[in-house]
Amino acid sequence: MKKVGVAILGLGVVGGGTYQILTRHYEFYKKVHSVEIVVEKVLEKNRQRVLDLGIPESKIAANIDEICSDPDIDIVVEVMGGVEPAKTFTLAALGAGKSVVTSNKELYCKYSHELEKVAKSNGCGLFYEATCVGGVPVIRALLDNLQGNKISSLMGIINGTTNYILTNMSSKGATYEEVLKDAQKLGYAEADPRADVEGYDAAYKLSILSSLAFHTKIPYTAIYREGITEISEKDINYGKHLGYTLKLLAIGRNTENGVEVRVHPTFINSEHPLASVNDSYNGVYITGDSVEDVMLYGRGAGALPTGSAIVGDIIYCATHDNFRYSPFENTAEADPATKFVTNFESEYYLRFDAADMAGVLSGIAAVLSKYDISVAQVLQESGQTNKAVPLIVITHVTHENSVRKAIEEIDSMDVAKTVAVIRVVS
Ligand code: HSE
């Protein structure tokens with residue numbers, strides 16, 4: 001029977017989940033895949049963590065060199081997160097001829113061009129299903145199953161932590177701080193949760209997914225990014241009242257005008273399939289010219305769901321002799337021929353604090369009209385005359401730059417102040 005030796009770098013949430021799955025299914029993999037997958041070494045500073053997982057102390061490697069020089073190790077699983085020392089260790093493993101399976105979206109997003117070059121020249125595999133959308137097999141779907149398509153758009157909830165936070169703020173009225181703590185306890189959040197709540201994690205994932213979908217490198221620096229830190233419960237509730245659900249949405253579009261990539265809080269029509277993706281679940285809605293619409297759905301974070309993606313890659317690697325690499329030219333920057341659209345089109349939810357007196361609404365409407373922004377809905381809470389009251393406007397489709405100019409002008413008037421600008425997908 002073929003024996004494949006594995007080393008795991010990092011035994012945090014994902015490393016622990018991976019080890020549990022490999023141990024639990026050891027006999028099953030021998031039976032169904034005719035391969036014996038053995039965890040030979042682990043690299044983890046926290047000895048107690050290793051022992052708690054039932055891993056013998058003798059398997060703790062002193063350093064990365066011990067792993068790279070071990071002839072019994074074929075696959076190195078990098079689940080440490082962050083750029084360094086993960087990058088140095090990954091390059092060392094690939095350089096030593098070991099295939100690498102990673103869940104590290106920041107590293108893969110920023111340096112896949114460098115890692116892939118070393119993997120190719122050493123004839124080893126570089127697998128990254130676990131970098132995006134936890135247990136949902138979206139990378140393989142883009143690499144293989146959706147090849148019969150030109151993909152025009154990819155829209156998704158691709159961060160479990162923020163989805164967990166927004167769902168619980170919306171359904172239980174919990175505060176942002178309370179729910180963030182829960183998400184950390186449940187092992188969804190990154191070591192530094194700012195990566196989640198400020199949208200970096202989703203931007204890294206969108207860079208990886210949109211590069212695959214649009215067959216050209218989409219660097220994360222090209223992605224417009226806004227997190228959920230400024231979101232207030234008030235907007236979640238006004239949106240709900242108007243038939244929208246708030247999500248941190250990653251959007252990639254490939255249009256005649258160019259590529260549009262953005263991550264920001266978005267009100268989605270509550271009837272849209274993505275609106276019912278709750279808690280740590282993720283969903284990716286892909287539109288292709290042959291398949292039309294496809295939605296992939298599942299747990300986007302957590303030990304076993306992400307471990308499931310890692311183990312899928314380990315088995316793929318263990319049972320294939322030839323490895324494939326990016327189906328596009330994997331460079332650090334975008335191809336100079338790729339045009340990015342920053343003045344994108346969207347509908348908008350605008351909330352103003354407006355003086356409740358004659359002429360204010362018409363003043364706001366006049367500015368919106370000046371920038372060719374057509375109003376679809378207006379909601380105003382009644383209040384005391386001359387006191388500021390919430391005024392909510394939903395626009396028809398307009399341009400990002402028009403909205404920016406209009407709110408700047410409205411804010412310069414004494415009677416209204418913009419307090420929230422949220423893009424809408426209806
Ligand atoms: N922090 C990430 C998330 C983990 O919440 O989605 C999975 O990539």
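The analysis underlying the following values was restricted to heavy atoms, covering all of them including side chains, and did not include hydrogens, waters or symmetry mates. Counting starts at 1 for both ligands and their atoms, following the listed order.
For Thr306, no nitrogen or oxygen atom sits less than 3.5 Å from a nitrogen or oxygen atom of ligand 1, counting backbone and side chain alike. Close N/O approach between Lys105 and ligand 1 is found [any backbone or side-chain N/O within under 3.5 Å]. At a 3.5 angstrom cut-off on N or O pairs, Asn282 does not count as close to ligand 1.
Remark: minimum distance from atom 2 (C) of ligand 1 to any protein heavy atom is reached at Glu190 OE2, 3.1 Å. If you check which protein heavy atom lies closest to atom 5 (O) of ligand 1, you get Thr161 OG1, 2.6 Å.
Donor-acceptor pairing under 3.5 Å is recorded for the side chains of Asn330 and Ser112. Neither side chain, Glu178 nor Tyr176, offers a donor N or O lying under 3.5 Å from an acceptor on the other.
In summary, of the residues considered (Tyr204, Tyr200, Tyr108, Tyr111), a ring-ring contact (aromatic ring centres under 6.0 Å, His included) with Tyr220 occurs for Tyr204 alone. Looking at Ile139, Asn104, Val138, Thr306 one by one, the single match for side chain to side chain contact (heavy atoms under 4.5 Å, CB included) with Thr131 turns out to be Ile139.
Comparing Gly160, Ala301, Ala130 against atom 6 (O) of ligand 1, the shortest heavy-atom distance belongs to Gly160. Across the listed options Gly134, Gly300, Gly135, Gly300 owns the non-hydrogen atom lying nearest to atom 7 (C) of ligand 1.
Residue-level proximity to ligand 1 for Asn159 is carried by backbone and side chain together, each with a heavy atom below 4.0 angstrom.
Near Lys205, meaning under 4.0 Å from one of its heavy atoms, ligand 1 places the atoms 2 (C), 3 (C), 6 (O), 7 (C), 8 (O). Within ligand 1, counting atoms from 1 as listed, the ones closer than 4.0 Å to a heavy atom of Asp196 are 1 (N), 2 (C), 3 (C), 5 (O).
Salt bridge status for Lys181 with Glu177: absent, with no side-chain N to carboxylate O gap under 4.0 Å. Using a cutoff of 4.0 Å between basic side-chain nitrogens and carboxylate oxygens, Arg49 and Glu44 are scored as salt-bridged.
Geometric assessment of Arg140 against the ring of Phe127 yields a negative cation-pi assignment under the 6.0 Å and 45° thresholds.
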